[in-house]
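This one's a predicted model, so the numbers in the text were calculated from it and none came from an experiment.
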Amino acid sequence: MSEVWTSFGDPVEVPTYRRPLSAILNPLLGAGFHLDRIEESRPTEAFREKAPETFERVSREPTFLSVRAVMTAN
């Protein structure tokens, strides 16, 4: 799947995929990492001004998940 971003200059096709949270985190934990931080990015007010309809959608549905994982010392 992909989504075309049009709000910031020339249109850009961005690949997208949905995964269960367990499919993202469990492989990291199984490989010896521990979670340091998890963030779901939020749209900015500047984005609301540029694309109000999209802002409303991405405010309800997380669009990015950032995971910081650190290798556990042995």
Straight-line distance of Lys50 NZ to Glu45 CD, nearest 0.5 Å: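 Atom-to-atom, Lys50:NZ and Glu45:CD are 14.5 Å apart.
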
Rounded to the nearest 0.5 Å, what separation is found between the CG atom of Leu35 and the CG atom of Leu29?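 Rounded to the nearest 0.5 Å, the CG-CG separation comes to 5.0 Å.
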
Quick one, [X] and [Y] - any side-chain contact, counting heavy atoms below 4.5 Å?
{"X": "Ser41", "Y": "Ser66", "answer": "no"}
{"X": "Leu65", "Y": "Leu21", "answer": "yes"}
{"X": "Ile38", "Y": "Leu25", "answer": "yes"}

Is Arg42 salt-bridged to Glu40, going by a charged N under 4.0 Å from an acidic O?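 Answer for the salt bridge query: no.
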
Going by an N to O cut-off under 4.0 Å, is there a salt bridge joining Arg57 and Glu3?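 Salt bridge between Arg57 and Glu3, a charged N being under 4.0 Å from a carboxylate O: yes.
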
side-chain contact (heavy atoms from CB on, under 4.5 Å) with Asp10: which residues, sequence neighbours excluded?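 If we apply the side-chain contact (heavy atoms from CB on, under 4.5 Å) test to Asp10, skipping adjacent residues, there are no hits.
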
Would Leu28 and Val70 show up in the same hydrophobic cluster when neighbours are defined by side-chain heavy atoms closer than 4.5 Å?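 Per the 4.5 Å side-chain linkage, Leu28 and Val70 are not co-clustered.
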
Exercise: identify the closest heavy-atom pair between Pro43 and Ser59: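 For Pro43 and Ser59, the tightest heavy-atom pair comes out as CG-OG, 3.6 Å.
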
Any sub-3.5 Å donor-acceptor pair from Arg48's side-chain atoms to Thr44's backbone N or O?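 Judged by distance alone, no pair lies under 3.5 Å.
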
Is there any ring-ring contact (aromatic ring centres under 6.0 Å, His included) pair reaching into residues 36-69, and which pairs are they, with sequence neighbours excluded?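 Found Trp5-Phe64, Phe8-Phe47.
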
Answer with yes or no whether the side chains of Ser2 and Glu13 bring together a donor and an acceptor at under 3.5 Å.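 Glu13 vs Ser2: donor-acceptor pair found between side chains.
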
